[in-house]
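Report on the structure given below.
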Number of protein chains: 2
Amino acid sequence: MSLTERRLNNLICRLREDGHRLTPQRMAVIKMLIGNTEHLTAEQIHERVKVDFPMTSLATVYKTVSVLKEMHEVQEISVDGEGKHFDGATGHPHPHLICTSCRRIEDIDFADIGPLPSEIAEQTGYRIEGHRLDFFGVCPACQEEEARNS
Amino acid sequence: MSLTERRLNNLICRLREDGHRLTPQRMAVIKMLIGNTEHLTAEQIHERVKVDFPMTSLATVYKTVSVLKEMHEVQEISVDGEGKHFDGATGHPHPHLICTSCRRIEDIDFADIGPLPSEIAEQTGYRIEGHRLDFFGVCPACQEEEARNS
DNA sequence: CTACATGCAAACCCTTTGCAGGCTG
DNA sequence: CAGCCTGCAAAGGGTTTGCATGTAG
């Protein structure tokens, strides 16, 4: 069983324990987030869920995401001037690669920031609980696009 | 002349060149951002400007900030579930230390992320243009608070 | 006189909430 | 049949815009 499947099962258990019902629509939203390295906005999730469940309303998407946020299975990522994207890829902090041209957000696996947190804790007195590391740039596809247009 | 003063002068020049007029209110907003390691929200900037210029409207603050954003002198920082904060501390990316308890945002000077950007560029094909590194934690003051309340 | 800056209020966008009805266990 | 889930519509909060009025150069 893959890591994602295990996480999904665990999540489903906890949802049930909390008295939640897992409707097909909810499952669709959840699957679109958990273990997915795309980082969709509420609107994008809505569009995709509607393919299978045309009646789905945006409110349902928001309500589902909000449950997942409470369970710390999904975090928000805000990009300057853009709406919120939701990231349920791993359930813990990890770096992102954000294309400033097409606004795509990808995950990067490596990019360990090493001993930085403990150094910072020592120097500032903060109790460090997490971090966010995002790189901004232009993705290969958009670079090609640029080249064609010039 | 300090770095901040130089940056401020340079900025003022460019604003004039672009045909902007530098009213006292605008100057107040600009000074509240450029070289200031506090990271205020629009509302907070508004409150402070109103001390000296009580008639100032929120729209003016937004319009001024928007000019600075276009000139890449100010960037937005979004904290999950919070409003936007504006950061005009250095004009280039630098790490932040965000207290999850009192929502204070501080700058950190060191914390060089080293060769990571070029590694990532090589591995992903992105043209990396910048990054954002934020640490989340609890500041010393809030830790004391916690201790007192337990 | 031209063009930018201002305050006000309305518009706007995205997100959240309230509610009545539907469905599951 | 209690309690969650749904869609709809309305409310909400923060940001942006339009407009008439100032004001600097």
Side-chain angles (χ1 to χ4, degrees), chain A residues 11-33 39-47 49-71 74-87 103, chain B residues 11-33 39-47 49-71 74-87 103:
Chain A
L11 175 56
I12 290 169
C13 281
R14 280 187 292 149
L15 283 167
R16 282 201 208 285
E17 279 170 20
D18 288 0
H20 290 285
R21 231 169 277 153
L22 291 168
T23 63
Q25 292 166 39
R26 283 224 151 164
M27 281 307 299
V29 174
I30 292 171
K31 281 185 185 156
M32 219 148 283
L33 285 166
H39 300 74
L40 308 171
T41 61
E43 198 71 50
Q44 290 170 324
I45 295 170
H46 185 214
E47 285 307 315
V49 173
K50 273 203 294 188
V51 173
D52 291 322
F53 307 96
M55 291 299 298
T56 309
S57 75
L58 201 47
T60 298
V61 173
Y62 276 111
K63 281 166 184 165
T64 304
V65 170
S66 136
V67 171
L68 296 180
K69 278 198 289 187
E70 272 174 28
M71 304 177 77
V74 157
Q75 60 173 141
E76 291 177 19
I77 317 174
S78 314
V79 184
D80 281 17
E82 287 277 305
K84 294 177 188 170
H85 294 246
F86 298 104
D87 175 359
R103 293 287 164 183
Chain B
L11 174 56
I12 291 169
C13 280
R14 281 188 292 149
L15 284 167
R16 281 200 208 284
E17 278 169 19
D18 287 0
H20 290 285
R21 233 168 276 153
L22 291 168
T23 63
Q25 291 165 42
R26 284 223 149 163
M27 283 306 299
V29 174
I30 291 172
K31 282 185 185 157
M32 219 149 282
L33 286 165
H39 301 75
L40 309 171
T41 62
E43 198 71 51
Q44 290 170 322
I45 295 171
H46 185 212
E47 285 307 315
V49 173
K50 274 203 294 189
V51 173
D52 290 322
F53 307 96
M55 291 299 298
T56 309
S57 74
L58 202 46
T60 298
V61 173
Y62 276 110
K63 281 166 185 165
T64 303
V65 170
S66 137
V67 171
L68 296 180
K69 278 199 288 188
E70 272 174 29
M71 303 178 78
V74 157
Q75 60 173 141
E76 290 177 20
I77 317 173
S78 315
V79 184
D80 280 18
E82 287 276 306
K84 295 177 188 169
H85 294 245
F86 298 104
D87 176 1
R103 295 287 165 184

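Proteins get letters first, then strands, A, B, ... in listed order; numbering begins at 1 in each.
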Can you confirm whether more than 12 heavy atoms, excluding those of B:R16, are under 6.0 Å from its CZ atom?
no
Donor-acceptor contact below 3.5 Å, side chain B:H85 vs main chain B:H39:
yes
Go through C:dT17, C:dG7, C:dA5 for me and flag the one nearest to the B:M55 side chain.
C:dG7
Roughly, in whole Å, what's the span from CG in A:L22 to C1' in D:dC4?
11 Å
Along DNA chain D (nearest heavy atom to each residue), the more 5'-positioned of A:T64 and B:R21:
A:T64
Kindly say whether A:T56 contributes a backbone atom to a donor-acceptor pair with the side chain of A:H46 at under 3.5 angstrom?
yes
At under 4.0 Å between heavy atoms, what does A:S66 touch on the DNA or RNA strands: base, sugar-phosphate, or nothing?
nothing
Interatomic distance, A:K50 NZ vs D:dC8 C1' [rounded to whole Å]
14 Å
Residue-phosphate contact under 4.0 Å: B:T23 side-chain N/O, D:dT23 OP1/OP2
no
Looking at C:dT6, I'd like to know if its phosphate oxygens (OP1 or OP2) sit under 4.0 Å from a side-chain N or O belonging to B:Q25.
yes
Would you mind reading off the distance between B:L58 atom CG and C:dA10 atom P, rounded to a whole angstrom?
16 Å
Between C:dC14 (P) and A:E76 (CD): distance, integer Å:
15 Å
Among the nucleotides D:dT16, C:dC8, D:dG7, whichever has the atom closest to the side chain of A:S57 is D:dG7
Between atom NZ in B:K63 and atom P in C:dC8, what is the gap in whole Å?
12 Å
Supply the atom-to-atom distance B:Q44 CD to B:M32 CE, rounded to the nearest 0.5 angstrom.
11.0 Å
Per side chain to side chain contact (heavy atoms under 4.5 Å, CB included), A:I30 is matched among A:L68, A:V67, A:V65 by A:L68
Is any side-chain N or O of A:R26 closer than 4.0 Å to OP1 or OP2 of D:dC4?
no
Could you state the CZ-P distance from B:R14 to C:dC4, rounded to the nearest angstrom?
18 Å
Grab the NE2-P distance between B:H46 and D:dG14 for me, whole Å please.
14 Å
Taking CG from A:L15 and P from C:dG25, how many angstroms apart are they, rounded to a whole number?
15 Å
D:dG7 phosphate, OP1 or OP2, under 4.0 Å from A:T60 side-chain N/O:
yes
